[in-house]
Amino acid sequence: MARDAQVLRDEPGRRPVAASSTVFDGAIFDVVRESVDFTPEVRFVREYMRHCGAVAVLALEEREGIDHVLLIRQYRHPAGAQLWEIPAGLLDVAGEEPSLAAARELAEETGRTAGSLTPLLTLRPSPGGSDEVIHVFLAMQLAVLEDDAYVRTDEEAEILTRWVPLDEAAAAALAGEITNATAVAAILAARARRG
């Protein structure tokens with residue numbers, strides 16, 4: 001089959017690893033150093049972040065005939081900024097399915113549940129430096145939790161929520177006013193699916 005006639009999709013296929021060691025053992029991620037046998041003649045060393053993975057939720061609701069997304073504003077220390085994002089969190093509960101983690105994060109960060117939660121995207125935000133995979137879900141048929149007993153601490157203590165028209169959120173993403181990669185991808189994907 002001609003190369004340009006192949007199906008356009010990522011192809012798994014890990015190259016052999018001659019040596020592997022953990023050079024940093026962290027609370028959320030580790031840094032791994034591996035010697036990779038790329039070809040029989042080429043071996044190179046790569047360091048990357050080994051990550052447990054994450055989920056994110058684009059909550060969508062029609063209001064007065066216009067699609068709105070639920071955004072949160074959260075302080076992100078590495079960025080040194082309060083960023084507009086979509087609810088998200090780590091896949092750090094052993095055995096928890098991504099859809100259940102997404103529902104949990106939506107409830108914890110926004111005090112809402114979804115009657116419908118379907119896959120929207122799967123992202124690798126930094127494949128040259130991390131093995132992190134983010135599963136993004138589309139949440140619809142939202143309801144406010146009657147008993148929101150979750151206590152938000154640390155950077156979650158100051159989370160603000162805001163319903164924003166989908167077109168306004170997409171324009172902000174394309175203008176570089178919203179820079180969280182997961183939020184940008186999810187907003188633009190939801191807008192493309194609507195069309």
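Residues take their numbers from the sequence shown, with the count starting at 1.
- When side chains are defined from C-beta on, W163 counts as touching E61, because their heavy atoms get closer than 4.5 Å.
- Within a 6.0 Å radius of CZ in R194, other residues, nucleotides and ligands contribute more than 12 heavy atoms.
- In this structure, D131 contributes its side chain and H51 its backbone to a donor-acceptor pair below 3.5 Å.
- Residues R191 and D167 are in side-chain contact: their nearest non-hydrogen atoms beyond the backbone lie under 4.5 Å apart.
- Taking OG from S130 and CZ from R124, the interatomic distance works out to 9.5 Å, rounded to the nearest 0.5 Å.
- Ion pair E85/R76 flagged as a salt bridge, since at least one NZ, NE, NH1 or NH2 atom sits closer than 4.0 Å to an Asp/Glu carboxylate oxygen.
- Here CD1 of I187 is found 7.0 Å from CD1 of I86. Values are rounded to the nearest 0.5 Å.
- Judged purely by atom type and a 3.5 angstrom limit, H77 has no side-chain atom pairing as donor or acceptor with the backbone of Y75.
- Tracing side-chain contacts under 4.5 Å through hydrophobic residues (I, L, V, M, F, W, Y), one reaches L121 starting from L138; they form part of the same cluster.
- Looking only at distances, no side-chain donor or acceptor of T22 sits under 3.5 Å from a matching main-chain atom of D25.
- In this structure, E34 pairs ionically with R14, as a charged nitrogen and a carboxylate oxygen lie closer than 4.0 Å.
- A donor-acceptor pair is defined here as one N or O able to donate and one able to accept, closer than 3.5 Å; such a pair exists between the side chain of R193 and the backbone of L120.
- Contact detail for H68 and P165: the closest heavy-atom pair is CD2-N, 3.4 Å.
- Linking ILVMFWY side-chain heavy atoms closer than 4.5 Å, directly or via other members, places V69 and L142 in two distinct hydrophobic clusters.
- When every heavy atom of A103 is checked against every heavy atom of L117, the shortest pair comes out as N-CD2, 3.9 Å.
- Considering CE of M140 and CD of E62, their distance stands at 8.5 Å, rounded to 0.5 Å.
- Cluster membership check: V57 does not share its hydrophobic cluster with I134, using side-chain heavy-atom separations under 4.5 Å among Ile, Leu, Val, Met, Phe, Trp and Tyr.
- Taking the charged nitrogens against the carboxylate oxygens, D37 and R15 have no contact shorter than 4.0 Å, which rules out a salt bridge.
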Inset, instruction - Test V144 against T113 for side chain to side chain contact (heavy atoms under 4.5 Å, CB included), laying out the working first. - result: CA-CA 6 Å; V144 175; T113 61; over 6 Å; no
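- V31 and E47 make their closest contact through CG1-CB, 4.5 Å (heavy atoms, listed as atom of the first residue, atom of the second, distance).
- With contacts defined as side-chain heavy-atom distances shorter than 4.5 Å, the pair V184/I178 qualifies.
- By the 4.0 Å N-to-carboxylate-O rule, E158 lies too far from R73 to be salt-bridged with it.
- Considering only heavy atoms from C-beta on, L188 comes within 4.5 Å of L174 through its side chain.
- Other residues, nucleotides and ligands contribute only 12 or fewer heavy atoms inside 6.0 Å of the CD1 atom of I28.
- Hydrophobic clustering, with ILVMFWY side chains joined whenever heavy atoms are under 4.5 angstrom apart, keeps V136 apart from L70.
- Separation of atoms CD (Q6) and CG (L8) is listed at 10.0 Å; rounding is to 0.5 Å.
- One finds the OG atom of S20 at 14.5 Å from the CZ atom of R46 (value rounded to the nearest 0.5 Å).
- Residues R33 and V23 share a closest heavy-atom pair of NH1-CG1, 3.4 Å.
- Between E11 and R9 there is no salt bridge, since no side-chain N of the basic residue sits under 4.0 Å from a carboxylate O of the acidic one.
- Counting heavy-atom neighbours within 6.0 Å of E97 CD, excluding the residue itself, gives a total of 12 or less.
- Looking only at side-chain heavy atoms (C-beta outward), P98 and F137 come within less than 4.5 Å of each other.
- With a 4.5 Å cut-off on side-chain heavy atoms, L123 and V133 do not count as touching.
- Side-chain contact between I72 and T110 is present, with at least one heavy-atom pair separated by less than 4.5 Å.
- Closest approach of A88 and E105 over heavy atoms only: O-OE1, 3.2 Å.
- Side-chain contact check for F29 versus E132: every heavy-atom pair is 4.5 Å or farther apart.
- Transitive grouping of hydrophobic side chains (ILVMFWY, heavy atoms separated by less than 4.5 Å) keeps L106 and L71 in distinct clusters.
- For the atom pair I159 CD1 and E108 CD, the distance stands at 9.5 Å (nearest 0.5 Å).
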